[in-house]
**Student:** 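A single structure is presented below for examination.
Letters A, B, ... mirror the listed sequences (proteins, then strands); counts begin at 1. These values consider heavy atoms only, across backbone and side chains, with no hydrogens, waters or symmetry-generated copies.
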Amino acid sequence: MDRPVRLRYAPSPTGAQHLGGIRTALYNYLFVKKVGGKLILRIEDTDQTRYVPGAEEYVINSCKWAGIEFDEGVHIGGPHAPYRQSERKDLYRKYADELIEKGHAYYAFDTPEELEAMRNRMMEQGNPSPAYDHITRQYMQNSVALSKDEVEKRIQNGDPYVIRIKMPRNEEIKFHDLIRGWVTFNSSQLDDKVLFKSDGMPTYHLANVVDDYLMEITHVVRGEEWLPSAPTHVMTYKMFGWENVMPSFAHLPLILKPEGNGKLSKRDGDKYGFPLYSLDWKEQNISGLKEKGFLPEAYINFIAFLGWNPGTDQEIFSREELIQAFSFERIGKSGARFDPEKAKWFNQQHIKLKSGEALADLLQPYLEQKILLLTAIIW
RNA sequence: GGCCCGUUCAUCUAGGGGUUAGGAUACAAGAUUUUCAUUCUUGGUACAGGGGUUCGAUUCCCCUACGGGCUACCA
């Protein structure tokens, strides 16, 4: 199955983007450049309630600054346009319907209150993690439990509903991760995830699979937080009959806070006096590593090393060297802690590599500003 | 709690059945320097614990501990 290599970076425009997102984009980019594939920028804005104006621009600008270039995407178009999921809205419904027809999905009419009641009831009964699964669905308000007439009546009635995946019972789901090797799950442990929301939008789980299929994506490179839902995605590919063109998966280790526990978050920037973002994000009063004086080449060099290494003693890499050296096999499995001190060292090394002229050019805007200020004072 | 993933110096990591367990950052000490997000030298610190397998495990297997992720009509 030798298909042209196509990868995508698919962020959701929910706010300022940090190191982790750019690193994901970078690994996508490095691999594509190395093997001569195409890189796509797709915006996953299926959750209208979390949409943040300007976030999309921010993603595009951060990538541009870091030198991550796309071949297709929201900002440049391409053969699979549109690349914004909200603009592809009409497309998803028919795929959800297809799954219902095949008996792999069903309508569910449960209200948020009913869902909560179900969870509370189960927790009282000693189940710490209530799930809408192959057992629960039998006594909920859905087209599996309800009579055909009742279901039809409700739909005619205009009752809001979602479409859920009908996860089979006791089936082994196994897939090969480029970084972790074989990962196995049992479908009985998986819940009936919502594929299509009552507001007419698909969830990530549906939109992601459908778009990756439609856009002929060959490799899905994303953060480790997606690993638990990967089996649901694999199952979805199977239900559609798309196994033969299912992309390979690479789940990246998380980037951890400089101190303490947990993955890197927005607050860490201010807390450690060392912003994590690559561009200014005025609305939130956060300035980035760019404003801090970081060179793009130092930034990507450092970020590439958060989880990946070339296996040699070389640490300072140009963009081209990074592309040549990169491979998924050399990405580690454990989370990497972000170390501001080492980041600074990388920047220093790259500054030293710059010629006097290049440095002068970089300094120019700052000097001009100072001169302007001085003349203003003098006059 | 359940499921999944992980665990080599303080940090990023290399390595891998027999090594003085290597490098880098940071740190410490010293030297050089009119200035510097200089430079040089030296130094200390690591295979989570317990069982196997083996002539021999840091490396392979199992268990425990610890860490992390997920557990939404969020991505």
**Student:** Out of B:G69, B:A37, B:U25, which has the shortest distance to the side chain of A:Asn347?
**Tutor:**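 Taking heavy atoms from C-beta onward, the closest nucleotide is B:A37.
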**Student:** Using a strict threshold of under 4.0 Å (side-chain N to carboxylate O), is an ion pair present between A:Lys342 and A:Asp339?
**Tutor:** no
**Student:** Measure the distance from NZ on A:Lys174 to P on B:C5 and round it to the nearest whole Å.
**Tutor:**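 For the pair A:Lys174 NZ and B:C5 P, the rounded distance is 12 Å.
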**Student:** Enumerate the residues from residues 155-169 of chain A whose closest heavy atom to RNA chain B is under 4.0 Å, giving them by residue number; use none for an empty result.
**Tutor:**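 Heavy-atom contacts with RNA chain B come from A:Val162, A:Arg164.
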**Student:** With a 4.0 Å cutoff (strictly under), does any side-chain N or O of A:Gln348 reach OP1 or OP2 of B:U38?
**Tutor:**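 The answer is yes; a side-chain N or O of A:Gln348 sits under 4.0 Å from OP1 or OP2.
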**Student:** Looking at the base of B:A72, is there any donor atom on it, or on the side chain of A:Lys193, that sits under 3.5 Å from an acceptor on the other one?
**Tutor:** no
**Student:** What integer number of Å spans the P atoms of B:A57 and B:G52?
**Tutor:**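 Rounded to whole Å, the distance is 11 Å.
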**Student:** Any idea which of B:C3, B:C12, B:A72 is nearest the A:Arg119 side chain?
**Tutor:**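 For A:Arg119, the side-chain atoms sit closest to B:A72.
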**Student:** Any strand counts, and the cut-off is 3.5 Å on both contacts for Watson-Crick or G-U wobble. Which nucleotide pairs with B:G44?
**Tutor:**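 Paired with no nucleotide.
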**Student:** Looking only at side-chain atoms of A:Val183, point me to the closest of B:C4, B:C74, B:C73.
**Tutor:** B:C4
**Student:** Check whether the side chains of A:Tyr83 and A:Glu72 place a donor and an acceptor atom closer than 3.5 Å, and report yes or no.
**Tutor:**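 The criterion, which ignores hydrogens and geometry beyond distance, is satisfied for A:Glu72 and A:Tyr83.
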**Student:** Any side-chain donor paired with an acceptor under 3.5 Å for A:His233 and A:Asn208?
**Tutor:** no
**Student:** Tell me which nucleotide among B:C73, B:U25, B:U7 gets nearest to the side chain of A:Glu341.
**Tutor:** B:U25
**Student:** What is the separation between atom CE on A:Met201 and atom P on B:A72, rounded to the nearest whole Å?
**Tutor:** 21 Å
**Student:** Calculate the interatomic distance between A:Leu254 atom CG and B:U11 atom P; express it in whole Å.
**Tutor:**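 Atom-to-atom, A:Leu254 to B:U11, this comes out as 17 Å.
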**Student:** What integer number of Å spans the C1' atoms of B:U35 and B:U39?
**Tutor:**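 After rounding to an integer number of Å, I get 14 Å for this pair.
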**Student:** Pick the nucleotide of RNA chain B nearest each of A:Lys352 and A:Leu227; which residue has the one closer to the 5' end?
**Tutor:** A:Leu227
**Student:** I'd like to know if A:Lys153 and A:Asp149 make a salt bridge, using a cut-off of under 4.0 Å between side-chain N and carboxylate O.
**Tutor:** no
**Student:** Suppose you measure atom P in B:A65 against the same atom in B:G50; what distance do you get, rounded to whole Å?
**Tutor:**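 Looking at atom P only, B:A65 and B:G50 are 15 Å apart.
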**Student:** Looking at A:Asn309, I'd like to know whether one of its side-chain N or O atoms comes within less than 4.0 Å of OP1 or OP2 on B:A14.
**Tutor:** yes
**Student:** Looking across every strand, which nucleic acid part, if any, lies under 4.0 Å from A:Phe305 by heavy atom: base, sugar-phosphate, or nothing?
**Tutor:**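 Result for A:Phe305 = sugar-phosphate.
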**Student:** Between A:Lys38 and A:Glu216, does at least one N-O distance fall below 4.0 Å, as a salt bridge requires?
**Tutor:**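 Not counted as a salt bridge, because no side-chain N and carboxylate O are separated by less than 4.0 Å.
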**Student:** Taking atom C1' in both B:G44 and B:G2, what distance in whole Å separates the two?
**Tutor:**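 These two C1' atoms come out 44 Å apart once rounded.
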**Student:** Between CG of A:Leu206 and CG of A:Leu195, what distance do you get to the nearest 0.5 Å?
**Tutor:** 4.5 Å
**Student:** Are the charged groups of A:Glu150 and A:Arg154 less than 4.0 angstrom apart, N to O?
**Tutor:**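 Yes, A:Glu150 and A:Arg154 are salt-bridged.
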**Student:** With both distances under 3.5 Å as the test, what is the Watson-Crick or G-U wobble partner of B:C36?
**Tutor:**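 The base-pairing partner of B:C36, which may sit in any strand shown, does not exist here.
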**Student:** Please measure how far the P atom in B:C12 lies from the corresponding atom in B:G18, and state the result in whole Å.
**Tutor:** 26 Å
**Student:** Nearest to the side chain of A:Val194, which nucleotide is it out of B:C74, B:U71, B:C73?
**Tutor:**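 Of the candidates, B:C73 comes closest.
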**Student:** A:Lys342 has a side chain; which of B:C5, B:U25, B:G1 sits nearest to it?
**Tutor:** B:U25
**Student:** So which nucleotide from B:C73, B:U11, B:G1 ends up closest to the side chain of A:Asp339?
**Tutor:**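 The answer is B:U11.
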**Student:** Please determine if A:Arg42 and A:Asp212 form a salt bridge, counting it only when a charged side-chain N lies under 4.0 Å from a carboxylate O.
**Tutor:** yes
**Student:** Measuring only the C1' atom in each nucleotide, how far is B:U53 from B:A72? A whole number of Å is fine.
**Tutor:**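 Nearest-Å result for B:U53 against B:A72 at atom C1': 46 Å.
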**Student:** Can you confirm whether A:Lys333 is buried at NZ, in the sense that more than 12 heavy atoms of other residues, nucleotides or ligands lie under 6.0 Å from that atom?
**Tutor:**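 No, the 6.0 Å shell around NZ holds no more than 12 heavy atoms from other groups.
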**Student:** So if I take every side-chain heavy atom of A:Phe185 and compare against B:G23, B:C3, B:G6, which nucleotide ends up nearest?
**Tutor:** B:C3
**Student:** When the distance from CG of A:Asp313 to P of B:G23 is rounded to whole Å, what number comes out?
**Tutor:**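 In whole Å, B:G23 P lies 8 Å from A:Asp313 CG.
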**Student:** Hey, is the side chain of A:Ser198 pairing donor to acceptor with the base of B:C73 inside 3.5 Å?
**Tutor:**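 Side chain to base: pair found, below 3.5 Å.
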**Student:** Heavy atoms only, 4.0 Å cut-off, all strands: where does A:Gly307 land among base, sugar-phosphate and nothing?
**Tutor:**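 Here A:Gly307 touches the backbone only, sparing every base.
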**Student:** Want to settle it: does A:Trp182 or A:Pro11 sit nearer the 5' end of RNA chain B, counting the closest nucleotide to each?
**Tutor:** A:Trp182
**Student:** Mind checking who B:A21 pairs with, Watson-Crick or G-U wobble, both distances under 3.5 Å?
**Tutor:** none
**Student:** Quote, to the nearest angstrom, the C1' distance that separates B:C70 from B:U54.
**Tutor:**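 My reading of the C1' atoms in B:C70 and B:U54 gives 39 Å.
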**Student:** Please report, rounded to the nearest Å, how far the P atom of B:A72 is from the CG atom of A:Leu195.
**Tutor:** 15 Å
**Student:** Go through the side-chain N and O atoms of A:Tyr161 and A:Asn142 and say whether any donor and acceptor fall under 3.5 Å apart.
**Tutor:**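 Not at all, the side chains of A:Tyr161 and A:Asn142 share no donor-acceptor pair under 3.5 Å.
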**Student:** Please report, rounded to the nearest Å, how far the C1' atom of B:C74 is from the NE2 atom of A:His233.
**Tutor:** 12 Å
**Student:** Atom CE of A:Met140 and atom C1' of B:A72: how far apart are they, to the nearest Å?
**Tutor:** 14 Å
**Student:** Less than 4.0 angstrom between a side-chain N/O of A:Thr46 and OP1 or OP2 of B:A75, yes or no?
**Tutor:**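 The answer is yes; a side-chain N or O of A:Thr46 sits under 4.0 Å from OP1 or OP2.
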**Student:** Strictly below 4.0 Å: does A:Lys197 bring a side-chain N or O up to OP1 or OP2 of B:A75?
**Tutor:**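 For A:Lys197, the contact criterion (side-chain N or O under 4.0 Å from OP1 or OP2 of B:A75) is met.
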**Student:** Figure out the NE2/P separation between A:His350 and B:U38, and round it to whole Å.
**Tutor:** 16 Å
**Student:** Using purine N1 to pyrimidine N3 plus N6-O4 or O6-N4 for Watson-Crick, or N1-O2 and O6-N3 for G-U wobble, each under 3.5 Å, what pairs with B:U7?
**Tutor:** B:A65
**Student:** Go ahead and name the base partner of B:C73; Watson-Crick or wobble counts if both distances stay under 3.5 Å, otherwise write none.
**Tutor:** none
**Student:** Base, sugar-phosphate, or nothing: which does A:Asp110 touch, judged by heavy atoms less than 4.0 Å apart?
**Tutor:**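 The answer is base, as A:Asp110 lies within the cut-off (heavy atoms under 4.0 Å) of a base atom.
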**Student:** Taking only the side-chain heavy atoms of A:Arg337 (C-beta and beyond), determine which of B:A37, B:C12, B:C5 contains the nearest atom.
**Tutor:** B:C12
**Student:** Under 3.5 Å, is there a donor-acceptor pair linking the side chains of A:Asn309 and A:Arg330?
**Tutor:**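 Short answer, yes.
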**Student:** Counting the atoms with a prime plus P, OP1 and OP2 as sugar-phosphate, which does A:Leu190 contact under 4.0 Å by heavy atoms, base, sugar-phosphate, or nothing?
**Tutor:**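 Touches nothing.
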**Student:** When rounded to the nearest Å, what value does the distance between P atoms of B:C63 and B:C27 take?
**Tutor:** 42 Å
**Student:** Between A:Tyr299 and A:Trp65, does the ring centroid distance fall short of 6.0 Å?
**Tutor:**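 Distance test on ring centres: under 6.0 Å, yes.
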**Student:** Quick one: is A:Arg50 getting a side-chain N or O under 4.0 Å of the B:C73 phosphate, OP1 or OP2?
**Tutor:** no
**Student:** Tell me which nucleotide, if any, is Watson-Crick or G-U wobble paired with B:U58 when both distances must be under 3.5 Å.
**Tutor:**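 Per the H-bond distance test, none.
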**Student:** Taking the side chain of A:Arg330 as its heavy atoms from C-beta onward, which of B:A24, B:G69, B:A14 lies nearest to it?
**Tutor:**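 It is B:A14.
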